[in-house]
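Numbers restart at 1 for each chain; the letters A, B, ... are given by sequence-line order, proteins then strands. In what follows, every heavy atom counts, from backbone to side chain, and hydrogens, waters and symmetry copies are set aside.
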Amino acid sequence: MSVRVRMAPSPTGFLHIGGVRTFLFNFLFARQSGGENRLRIENTDTSREVAEATGHIQESLRWLGIEWDGPVTFQLDRMDDCRRVAQELVAAGQAYEDEGAIRFRMPDEGATAWDDVVRGRVEVPNETIEDLVLVRSDGRPTYNFASPMEDVWDGITHVVRGDDHISNTPKQINIIRAVGGEIPVYAHVPSIFGEDGKKLSKRHGAVGIEEFRDAGYLPEALLNFLALLGWAPDGETTIMSRDELVARFDLARVTPSPARFDYAKLDWMNGVYLRALPPEEFAHRLVVWLGEHGYEWDSQLVAAAAPLVQEKISRLGEFPGFAGFLFEDVEPDPAELDGGGPMLAAAIEALEGLEPFAAEAIEAALRAAAERLELKPRQAFQPVRVAVTGSRVSPGLFESIDLLGRETALSRLRRAAAS
RNA sequence: GGCGCAUUCGUCUAGUGGCCUAGGACACCGCCCUCUCACGGCGGCGGCACGGGUUCGAAUCCCGUAUGCGCCUCCA
């Protein structure tokens with residue numbers, strides 16, 4: 001039997017990073033076993049936001065490279081089928097009416113057990129499971145009824161979901177048994193916490209996929225990072241492409257304990273991916289990101305500046321703060337110039353008639369000026385850097401002056417020298 | 001409270017009875033490189049939750065305790 005899994009988000013607005021990790025595991029598992037990965041929107045509400053949220057979910061998944069097979073399905077569309085099955089269960093004595101709702105008759109004796117791919121055997125005494133509501137008094141089926149029914153109807157072979165569903169599993173197994181369906185294999189993957197060990201929420205930082213995108217993370221880096229939360233191919237390998245992940249992923253090796261989301265490690269990994277990009281590709285991504293985030297900067301200049309920052313930033317979103325001086329005027333803090341007056345004057349003189357006005361020649365001229373003033377390179381260049389870039393931290397100084405052009409560079413130097 | 005799940009450096013993890021005086025990565029610290037920052041190189045700090053067993057031998061198996069988390073909703 002061919003593997004078929006499903007990703008089942010509820011359309012609550014944005015795609016949570018924790019849910020995405022679970023979806024990623026579904027995707028990796030399906031791909032490597034040559035099976036199918038379905039996308040099913042689980043909502044029992046008919047809210048207006050559904051269409052919009054569904055769009056966001058699909059867009060985020062696509063951006064990350066998590067693909068699904070077949071059409072997107074909606075729990076909503078199977079309400080009638082659920083109601084019909086509930087009636088049949090009532091007729092068969094396996095469910096009963098209760099104040100307008102329909103409740104499932106759970107077995108009272110024995111235990112319900114399953115062999116979880118991630119956790120091993122899990123057993124729950126049946127006496128501890130309540131008779132759960134299948135259909136609400138307003139006619140809508142509940143999640144714990146609709147979800148297993150859809151798994152049966154869709155021929156889902158493996159249910160890979162968050163471990164917050166462990167307690168639901170025995171209920172769903174009993175329902176599937178009652179309707180004579182095939183019990184899927186269950187794999188409950190651990191949840192993801194924030195850095196404080198609490199449920200990951202907005203106060204920890206970005207949690208929605210779109211927020212990561214806006215911050216300038218690369219989808220392939222985020223995907224790689226997510227895959228390593230709760231799973232590792234061995235103790236050594238950390239950087240893996242999507243294809244490598246597909247090839248090496250092993251559901252049975254997923255750890256059962258929850259992981260904390262380490263933003264610092266994500267930043268590091270994103271930097272690794274950024275640096276590994278061919279220079280033209282890096283420039284292209286930078287231009288695109290800036291364009292999508294409201295910056296109307298000359299793309300030629302952005303592309304020219306890209307090589308200066310590729311090794312220095314770990315997120316595309318750091319570019320404006322780091323290299324914005326190339327596109328907008330700066331206001332250096334005079335205090336940061338500390339005692340650089342003589343060097344500024346020397347720099348102005350060195351650059352005024354310099355030919356060619358290019359990085360290499362600029363460097364030679366400024367170094368010569370520093371030497372004449374008997375200043376160490378570090379002492380000499382900091383005031384110049386502050387004057388030209390407005391900051392003590394910047395891309396390479398000579399390349400920056402080159403890109404800025406003689407006129408702009410000189411006017412900034414003169415203004416700083418006069419202050 | 002009941003039921004369930006989890007517990008290796010600060011974090012992500014390797015480890016499935018001897019290869020472990022526990023390995024890697026991020027973070028942190030130091031040194032080197034260096035026009036700042038970063039990159040890179042080298043080195044360092046740091047962990048098997050606790051207590052009992054089983055065994056010649058336990059991070060690895062069993063029991064208990066503690067802590068955390070999930071569910072117990074006509075939420076998903």
Participant: Rounding to the closest angstrom, what is the interatomic distance between C45(B) and U60(B) at atom P?
Facilitator: 25 Å
Participant: The side chain of Glu236(A) lies closest to which of these nucleotides: A14(B), U11(B), G24(B)?
Facilitator: G24(B)
Participant: Counting any heavy atom closer than 4.0 Å, what does Ser257(A) reach on the DNA or RNA strands: base, sugar-phosphate only, or nothing?
Facilitator: sugar-phosphate
Participant: So does Arg285(A) pair up with Glu280(A), basic N to acidic O under 4.0 Å?
Facilitator: no
Participant: Looking across every strand, which nucleic acid part, if any, lies under 4.0 Å from Ala101(A) by heavy atom: base, sugar-phosphate, or nothing?
Facilitator: base
Participant: Between Glu36(A) and Arg4(A), does at least one N-O distance fall below 4.0 Å, as a salt bridge requires?
Facilitator: yes
Participant: Over all strands shown, is Ser391(A) touching base, sugar-phosphate only, or nothing at heavy-atom distances under 4.0 angstrom?
Facilitator: nothing
Participant: Could you tell me whether Asp131(A) and Arg103(A) have a side-chain N and a carboxylate O separated by less than 4.0 Å?
Facilitator: no
Participant: Which whole number of Å gives the distance between the P atom of A27(B) and that of U21(B)?
Facilitator: 29 Å
Participant: Which side-chain N or O atoms in residues 222-235 of chain A pair as donor and acceptor under 3.5 Å with protein atoms at least two apart or in another chain?
Facilitator:
{"unit_1": "Asn224(A)", "atom_1": "OD1", "unit_2": "Met240(A)", "atom_2": "N", "d": "2.8"}
{"unit_1": "Asn224(A)", "atom_1": "OD1", "unit_2": "Tyr273(A)", "atom_2": "OH", "d": "2.5"}
{"unit_1": "Asn224(A)", "atom_1": "ND2", "unit_2": "Thr238(A)", "atom_2": "O", "d": "2.9"}
{"unit_1": "Asp234(A)", "atom_1": "OD1", "unit_2": "Glu236(A)", "atom_2": "N", "d": "2.6"}
{"unit_1": "Asp234(A)", "atom_1": "OD1", "unit_2": "Thr237(A)", "atom_2": "N", "d": "2.7"}
{"unit_1": "Asp234(A)", "atom_1": "OD1", "unit_2": "Thr237(A)", "atom_2": "OG1", "d": "3.2"}
{"unit_1": "Asp234(A)", "atom_1": "OD2", "unit_2": "Thr237(A)", "atom_2": "OG1", "d": "2.8"}
{"unit_1": "Asp234(A)", "atom_1": "OD2", "unit_2": "Arg248(A)", "atom_2": "NH2", "d": "2.9"}

Participant: Is any side-chain N of the basic residue among Arg6(A) and Asp151(A) closer than 4.0 Å to the acidic one's carboxylate O?
Facilitator: yes
Participant: Base, backbone or nothing for each nucleotide of nucleotides 29-44 of chain B, written B, S, -, heavy atoms under 4.0 angstrom, 5' to 3'?
Facilitator: ------BBBBSS----
Participant: Between Asp81(A) and Arg78(A), is there a side-chain N and carboxylate O pair less than 4.0 Å apart?
Facilitator: no
Participant: Using the P atom in both, what is the distance from A14(B) to U8(B), to the nearest Å?
Facilitator: 10 Å
Participant: Would you mind reading off the distance between Tyr263(A) atom OH and A27(B) atom C1', rounded to a whole angstrom?
Facilitator: 16 Å
Participant: Parallel, tilted or perpendicular: which fits the ring planes of Tyr186(A) and His188(A), with parallel below 30° and perpendicular above 60°?
Facilitator: parallel
Participant: Counting Watson-Crick and G-U wobble pairs only, both distances under 3.5 Å, name the nucleotide matched with G40(B), or none.
Facilitator: C32(B)
Participant: Roughly how far apart, to the nearest Å, are A59(B) and U7(B) at atom C1'?
Facilitator: 12 Å
Participant: Flag the pair Glu331(A) and Arg415(A) as a salt bridge only when some basic side-chain nitrogen lies within less than 4.0 angstrom of an acidic carboxylate oxygen.
Facilitator: no
Participant: Once you apply a heavy-atom cut-off of 4.0 Å, does Val122(A) come out as touching a base, just sugar-phosphate, or nothing?
Facilitator: sugar-phosphate
Participant: Of the nucleotides C12(B), U13(B), G4(B), which has the atom closest to the Val124(A) side chain?
Facilitator: G4(B)
Participant: Is the shortest side-chain N to carboxylate O distance from Arg392(A) to Glu336(A) below 4.0 Å?
Facilitator: yes
Participant: Taking Arg40(A) first and then Glu42(A), would you say they form a salt bridge - that is, a charged N and a carboxylate O separated by under 4.0 Å?
Facilitator: yes
Participant: Please report the distance, rounded to the nearest Å, between CD in Gln75(A) and P in C75(B).
Facilitator: 13 Å
Participant: Can you tell me the pairing partner of G18(B) across any strand shown, Watson-Crick or G-U wobble, with both distances under 3.5 angstrom?
Facilitator: C56(B)
Participant: Using atom C1' in both nucleotides, what's the gap between C32(B) and G18(B) to the nearest angstrom?
Facilitator: 41 Å
Participant: Which one is paired to G51(B), where only Watson-Crick or G-U wobble pairs with both distances under 3.5 angstrom count?
Facilitator: C63(B)
Participant: Determine: side-chain N/O of Arg253(A) to OP1/OP2 of G15(B), distance under 4.0 Å, yes or no.
Facilitator: yes
Participant: Measuring only the C1' atom in each nucleotide, how far is G53(B) from C69(B)? A whole number of Å is fine.
Facilitator: 28 Å
Participant: Send over the distance from Ile192(A) CD1 to A6(B) P, rounded to a whole Å.
Facilitator: 18 Å
Participant: Would you call the rings of Trp297(A) and Phe327(A) parallel, tilted or perpendicular, taking 30° and 60° as the class edges?
Facilitator: parallel
Participant: Output the rounded distance in Å from CG (Asp267(A)) to C1' (U11(B)).
Facilitator: 14 Å
Participant: Toward the 5' end of RNA chain B, which comes first, Thr238(A) or Pro190(A), by nearest nucleotide?
Facilitator: Pro190(A)
Participant: Nearest whole Å is fine: how far is C12(B) P from Leu226(A) CG?
Facilitator: 14 Å
Participant: What integer number of Å spans the P atoms of C5(B) and C9(B)?
Facilitator: 22 Å
Participant: So what's C69(B) paired with, Watson-Crick or G-U wobble, going by both distances under 3.5 Å?
Facilitator: G4(B)
Participant: Say you pick atom C1' in A6(B) and the same atom in C56(B); how far apart are they, in whole Å?
Facilitator: 32 Å
Participant: Between Arg140(A) and C74(B), is there a side-chain N or O to OP1/OP2 distance below 4.0 Å?
Facilitator: no
Participant: Indicate, with a heavy-atom threshold strictly under 4.0 Å, whether Asp138(A) touches base, sugar-phosphate, or nothing.
Facilitator: nothing
Participant: Is it true that Ser314(A) and Asp267(A) share a donor-acceptor pair across their side chains at a distance under 3.5 Å?
Facilitator: no
Participant: From G24(B), U13(B), C74(B), pick the nucleotide closest to the side chain of Glu99(A)?
Facilitator: C74(B)
Participant: In B/S/- notation, 5' to 3', how is nucleotides 66-73 of chain B contacted by protein heavy atoms closer than 4.0 Å?
Facilitator: ---SBSS-
Participant: Between C74(B), C3(B), C12(B), which one does the side chain of Ser137(A) approach most closely?
Facilitator: C74(B)
Participant: Can you tell me the distance, in whole Å, between the CG atom of Leu229(A) and the P atom of C26(B)?
Facilitator: 16 Å
Participant: Taking the nucleotide of RNA chain B with the closest heavy atom to each, which residue, Pro256(A) or Ser10(A), is nearer the 5' end?
Facilitator: Pro256(A)
Participant: Taking atom P of A25(B) as reference, at what distance in whole Å does atom CZ of Phe261(A) sit?
Facilitator: 21 Å
Participant: How many Å lie between CZ on Arg121(A) and P on G4(B), as a whole number?
Facilitator: 14 Å
Participant: Describe the nucleic acid contact of Glu123(A) in one word from base, sugar-phosphate, nothing, applying a heavy-atom distance below 4.0 Å.
Facilitator: sugar-phosphate
